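Notes follow the structure.
Side chains included, hydrogens not; waters and symmetry mates left out as well; all remaining heavy atoms used. Just so it is clear: chains get the letters A, B, ... in the order the sequence lines come, proteins before strands, and each one is counted from 1. No experiment lies behind these values; they were computed from the predicted model shown.
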There are 2 protein chains.
Amino acid sequence: MTTNPVDTEEKIKEAAQRIFLEKGFDGATIRDIAEAAQINTALTNYYFRSKEKLFWLVYESLLKEALKSVQAIMDKPISVKEKLIALLDHMFEVHAQNPNQAIFFMNECRRNPQGFAEKIGINCEAMEQCFNVQFEEEVKKGIIINVSPDAIFPLIFGMIQQIFAGRELTMHLFQMNEAEFDKHALEQKRIIKEMILKYLFNE
Amino acid sequence: MTTNPVDTEEKIKEAAQRIFLEKGFDGATIRDIAEAAQINTALTNYYFRSKEKLFWLVYESLLKEALKSVQAIMDKPISVKEKLIALLDHMFEVHAQNPNQAIFFMNECRRNPQGFAEKIGINCEAMEQCFNVQFEEEVKKGIIINVSPDAIFPLIFGMIQQIFAGRELTMHLFQMNEAEFDKHALEQKRIIKEMILKYLFNE
DNA sequence: AACTAATTTAAACAAGTGTTTAAAATTGTT
DNA sequence: AACAATTTTAAACACTTGTTTAAATTAGTT
């Protein structure tokens with residue numbers, strides 16, 4: 001059998017991401033990860049020093065990826081309305097592909113707000129600033145009702161997240177299987193989108 | 001010092017609720033709870049047999065209380081619009097008083113969906129049924145737009161929850177202190193309420 | 001092939017976990 | 001006051017946790 005250090009490192013990272021997303025930092029054990037990656041327990045520490053360091057690597061990578069794609073939408077030369085629609089669709093897609101992400105971020109941010117702030121800090125401000133300026137311009141022009149973008153931005157993120165953060169809860173409360181939930185989620189997105197557009201834009 | 005068994009039991013339950021809400025089942029330890037209740041570690045097992053049994057007691061009590069108050073609103077002889085407003089205000093109040101509840105339920109439901117389903121199961125269906133009938137009547141009358149109550153109910157729960165589930169995240173993302181967040185939360189509620197009413201009701 | 005460096009392994013470590021135990025302290029009852 | 005039952009305690013239990021170690025295996029170089 002050939003031993004490829006890069007492959008092993010990658011295998012651990014992938015498994016760690018999977019397990020951490022599923023169980024959170026507290027719930028996941030180094031042995032869970034090792035088993036998922038099909039490697040010896042000691043190797044996680046050989047490659048990443050500690051559980052915490054491995055976690056922050058996964059955490060940061062997930063955050064960066066998420067921010068980057070949102071940034072890409074915000075940088076497009078399109079109207080606020082188009083940006084919001086794109087943002088809604090994109091966020092939905094991301095969470096649909098990995099329903100654990102929403103609750104994972106909420107959780108880990110609460111478990112260690114400081115760490116989260118350090119990781120995300122600056123990147124987000126710039127993006128937000130850019131959106132805010134455009135938003136307020138359209139408010140002035142009368143395209144958008146008089147409301148602060150600071151209230152709208154988290155609302156949109158939150159509403160999409162909420163669909164998936166409460167996935168298990170919804171599925172068991174309304175006794176849905178996975179396919180039914182997917183349908184339900186799409187319907188939720190449609191309503192959310194209509195609601196936001198109907199609310200923000202004057203006809 | 002007088003030793004009152006009931007008080008000790010109650011002290012443990014209260015501390016357990018506080019700690020479980022804060023750290024979740026995985027994050028909380030029996031020693032955390034004992035310290036918070038200012039009692040010996042062994043007493044939690046003396047009174048409640050096991051950590052798991054204590055947890056389910058707290059979990060069920062929180063769930064029942066939450067359902068009961070929602071049920072009370074749903075049983076009132078008022079219109080759907082009035083019920084939705086009351087529901088929004090009530091949910092907001094509950095979560096504002098204890099911001100940890102939202103994320104706690106999401107988490108623990110995902111950690112053990114089966115257990116959640118067993119605890120909540122029947123109670124919820126009856127309540128939902130009652131609301132659904134009234135809702136669909138008003139849809140027929142043309143008061144409410146043509147949309148399923150099954151989509152609206154979780155949306156409202158979710159949107160209020162989302163404000164508080166993402167509390168730490170929002171605070172650090174937008175660099176708010178607690179007072180600023182409280183103001184932000186109220187603004188979020190106002191927008192959510194307006195959004196839902198504007199969306200659901202034909203003028 | 002021989003040697004060095006890198007990788008992997010099994011085993012153990014110390015610390016923390018939920019839980020139990022047996023003795024001590026307290027309470028209630030006669 | 002004396003006894004029995006209940007409650008509380010300190011200590012230990014068995015187990016899991018993240019981490020380390022030292023030996024074994026593999027890869028790369030001359």
Side-chain angles (χ1 to χ4, degrees), chain A residues 1-62 104 107-108 110-112 114-115, chain B residues 1-62 104 107-108 110-112 114-115:
Chain A
M1 207 222 298
T2 56
T3 332
N4 192 329
V6 179
D7 274 2
T8 308
E9 208 175 313
E10 207 54 41
K11 249 173 30 177
I12 296 174
K13 244 193 273 189
E14 277 168 21
Q17 176 163 321
R18 198 149 29 91
I19 300 293
F20 278 136
L21 277 168
E22 195 184 316
K23 303 190 172 188
F25 182 82
D26 286 334
T29 72
I30 226 68
R31 283 169 180 84
D32 286 337
I33 295 169
E35 195 186 359
Q38 292 180 299
I39 48 100
N40 187 282
T41 320
L43 282 183
T44 58
N45 277 22
Y46 176 74
Y47 281 105
F48 299 100
R49 298 279 308 275
S50 74
K51 181 192 177 185
E52 197 125 0
K53 284 204 173 61
L54 175 56
F55 174 78
W56 284 112
L57 216 74
V58 168
Y59 195 42
E60 197 168 10
S61 130
L62 281 169
F104 171 80
N107 249 319
E108 298 306 330
R110 194 194 38 162
R111 208 180 53 85
N112 186 348
Q114 199 57 42
Chain B
M1 205 219 302
T2 56
T3 332
N4 191 329
V6 179
D7 274 0
T8 308
E9 210 176 312
E10 207 53 41
K11 250 173 32 179
I12 296 173
K13 245 195 271 188
E14 277 168 23
Q17 176 162 320
R18 199 147 29 92
I19 300 293
F20 278 137
L21 276 168
E22 194 183 319
K23 305 190 171 186
F25 182 83
D26 286 333
T29 71
I30 226 70
R31 283 168 181 82
D32 287 338
I33 294 169
E35 196 186 359
Q38 293 180 297
I39 47 99
N40 188 284
T41 319
L43 281 183
T44 58
N45 276 23
Y46 176 73
Y47 281 105
F48 301 99
R49 297 279 308 273
S50 74
K51 180 192 179 186
E52 197 126 359
K53 284 205 173 62
L54 175 55
F55 175 78
W56 283 113
L57 216 71
V58 168
Y59 195 41
E60 197 169 10
S61 131
L62 281 169
F104 171 80
N107 249 320
E108 298 306 330
R110 194 194 38 163
R111 206 177 55 83
N112 186 348
Q114 199 58 42

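Spacing between atom NZ of A:K23 and atom C1' of D:dG18 amounts to 16 Å, rounded to whole angstrom units. If you take CG of B:L43 and P of C:dT26, they are 14 Å apart, rounded to a whole angstrom. Here the P atom of nucleotide C:dT27 and the CG atom of B:D7 are 13 Å apart, to the nearest Å. Between A:E35 atom CD and D:dT16 atom C1' there is a gap of 14 Å when expressed in whole angstrom units. Atom CD in B:Q38 sits roughly 20 Å away from atom P in D:dT7 (whole-Å rounding).
Here CZ of B:R111 is found 5.0 Å from CG of B:D26. Values are rounded to the nearest 0.5 Å. From B:E9, atom CD reaches atom CZ of B:F48 across 4.5 Å, with rounding to the nearest 0.5 Å.
Residues B:Y59 and B:L54 fail the side-chain proximity criterion, which asks for heavy atoms closer than 4.5 Å. Looking at heavy atoms from C-beta onward, B:F104 lies in side-chain contact with B:L62 at the 4.5 angstrom threshold. With a 4.5 Å cut-off on side-chain heavy atoms, B:S61 and B:Q17 count as touching.
Comparing the local axis fitted to the first five base pairs of the helix from C:dA1-D:dT30 to C:dT30-D:dA1 with the one fitted to its last five gives a bend of 0°, rounded to 10°.
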Handout entry: B/S/- contact track for nucleotides 11-21 of chain C, protein heavy atom under 4.0 Å
Key = -B----BBBBB
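The aromatic rings of B:F25 and B:F55 stand perpendicular to each other, their planes meeting at an angle above 60°, with 30° marking the opposite boundary.
For B:T8, no side-chain nitrogen or oxygen approaches OP1 or OP2 of D:dT7 to under 4.0 Å.
Under a 4.0 Å N-O distance rule, the pair A:K11/A:E14 does not qualify as a salt bridge.
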Side chains of residues 28-37 of chain A: which donor-acceptor pairs under 3.5 Å do they make with residues two or more places apart or in other chains?
{"from": "A:T29", "atom 1": "OG1", "to": "A:R31", "atom 2": "N", "distance (Å)": "3.4"}
{"from": "A:T29", "atom 1": "OG1", "to": "A:D32", "atom 2": "N", "distance (Å)": "2.9"}
{"from": "A:T29", "atom 1": "OG1", "to": "A:D32", "atom 2": "OD1", "distance (Å)": "3.4"}
{"from": "A:T29", "atom 1": "OG1", "to": "A:D32", "atom 2": "OD2", "distance (Å)": "3.2"}
{"from": "A:D32", "atom 1": "OD2", "to": "A:K23", "atom 2": "NZ", "distance (Å)": "3.4"}
{"from": "A:D32", "atom 1": "OD2", "to": "A:T29", "atom 2": "N", "distance (Å)": "3.1"}

